[in-house]
Structure formats: structure tokens, C-alpha cells
Amino acid sequence: MSGKKKEEWMAHNELLQQAFRNYVSRTKHEKEKAACAIQQELEWGPFLNFVIEHGGFDPNGIIKYGIDSQTLKCIGDIDRIARGEIDYDY
């Protein structure tokens, strides 16, 4: 991944990971807000493509249904890509 793409990925990943931390450790009201933030970040083109390519759930369902196990795995993999543990280019 090129420098600019990597910077974009890392910036969006930071927002996604913060929202996910809020989702798993907050009150019901805060979880709802965090679910909206997760959905918004996963709708960013490269993340959306990654989730779809890897069998994740349509992000539009997160607010209503929560996060399925495959999307959860994708969120973890997105973070691993940002840290350079997995190679991925979009």
C-alpha cells in the first residue's frame, strides 16, 4: 500500500478501533452511538470492499443487528493491516 493510502487506512482504522472499543465497553446508549460510528467507518470505500471480499455482514445492519463474527474478524484484520502485520492493497 502506498504512503498516502496507508495514512488514510491508518486514520480510518483509528476511528474504527475507537468506536469498537466504545461498542464493547459502554452503556447501551453509548453502544448505539458506537455502532453508528462503526457503521460509518465500515462504509468508507476501502473498508467496505475489504469486508465484502472477506465475507463480512453488510455494515448497514450493524445498528439493527449488531456485529456478526465475520465482520468482527474483519475489524481485527483491518487493524492488523494498519499495523503492518497483514499486506493488503486497495
Side-chain angles (χ1 to χ4, degrees):
M1 191 178 313
S2 70
K4 182 173 170 93
K5 285 183 177 181
K6 178 83 170 173
E7 288 175 20
E8 287 178 323
W9 188 279
M10 290 173 65
H12 282 276
N13 178 60
E14 183 57 39
L15 295 171
L16 175 63
Q17 297 306 318
Q18 180 60 47
F20 182 71
R21 285 189 294 273
N22 289 339
Y23 181 82
V24 297
S25 65
R26 303 290 188 213
T27 66
K28 182 179 178 187
H29 175 70
E30 291 171 325
K31 278 186 168 207
E32 290 171 357
K33 288 176 27 181
C36 289
I38 291 168
Q39 179 174 314
Q40 181 178 350
E41 285 307 314
L42 289 179
E43 288 174 346
W44 179 57
F47 284 0
L48 181 60
N49 291 339
F50 182 85
V51 171
I52 291 170
E53 288 172 8
H54 293 87
F57 190 64
D58 177 2
N60 290 320
I62 289 174
I63 294 170
K64 186 173 182 178
Y65 302 110
I67 300 173
D68 70 310
S69 62
Q70 191 59 34
T71 302
L72 180 62
K73 182 182 179 322
C74 288
I75 290 170
D77 287 346
I78 287 168
D79 190 45
R80 291 178 61 209
I81 291 166
R83 292 181 299 187
E85 296 174 11
I86 298 175
D87 289 329
Y88 181 77
D89 195 12
Y90 70 91

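Around atom CD of Gln40, no more than 12 heavy atoms belonging to other residues, nucleotides or ligands sit under 6.0 Å away. Remark: Asp87 CG is loosely packed, at most 12 non-hydrogen atoms of other residues, nucleotides or ligands lying under 6.0 Å away.
Nearest approach of Gly55 to Gln70, heavy atoms of both residues: O-CG, 3.2 Å. Across every non-hydrogen atom of Ala19 and Ala34, the tightest pair is O-CB, 3.4 Å.
Other members of the hydrophobic cluster containing Leu48, listed by chain and number, are Ile52; membership follows side-chain contacts under 4.5 Å among ILVMFWY residues, whether direct or relayed. In the hydrophobic clustering, where aliphatic and aromatic side chains (Ile, Leu, Val, Met, Phe, Trp, Tyr) are joined below 4.5 Å either directly or transitively, Met1 groups with Trp9, Leu16, Phe20, Tyr23, Val24, Ile38, Leu42, Trp44, Phe47, Phe50, Val51, Ile62, Ile67, Leu72, Ile75, Ile78, Ile81, Ile86, Tyr88, Tyr90.
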Could you check Lys33 against Asn22 for side-chain contact (heavy atoms from CB on, under 4.5 Å), going step by step and ending with a plain yes or no?
CA-CA 9 Å; Lys33 288 176 27 181; Asn22 289 339; over 6 Å; no

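With sequence neighbours excluded, no residue forms a side-chain hydrogen bond (donor to acceptor under 3.5 Å, both in side chains) with Lys6. Under the side-chain hydrogen bond (donor to acceptor under 3.5 Å, both in side chains) criterion, Glu30 pairs with Thr27, sequence neighbours left out. For Asp68, the side-chain hydrogen bond (donor to acceptor under 3.5 Å, both in side chains) partners at least two apart in sequence or on another chain are Thr71. Partners of Asp77 under the salt bridge (Lys or Arg N to Asp or Glu O under 4.0 Å) rule, at least two apart in sequence or in another chain, are Lys73, Arg80.
Applying the salt bridge (charged side-chain N to carboxylate O under 4.0 Å, His left out) definition to pairs two or more places apart or across chains, those involving residues 7-18 are Glu14-Arg21. Under the salt bridge (charged side-chain N to carboxylate O under 4.0 Å, His left out) criterion, no residue pair touches residues 34-54, with sequence neighbours excluded.
Remark: His54 NE2 to Asn49 CG distance equals 11.0 Å, nearest 0.5 Å.
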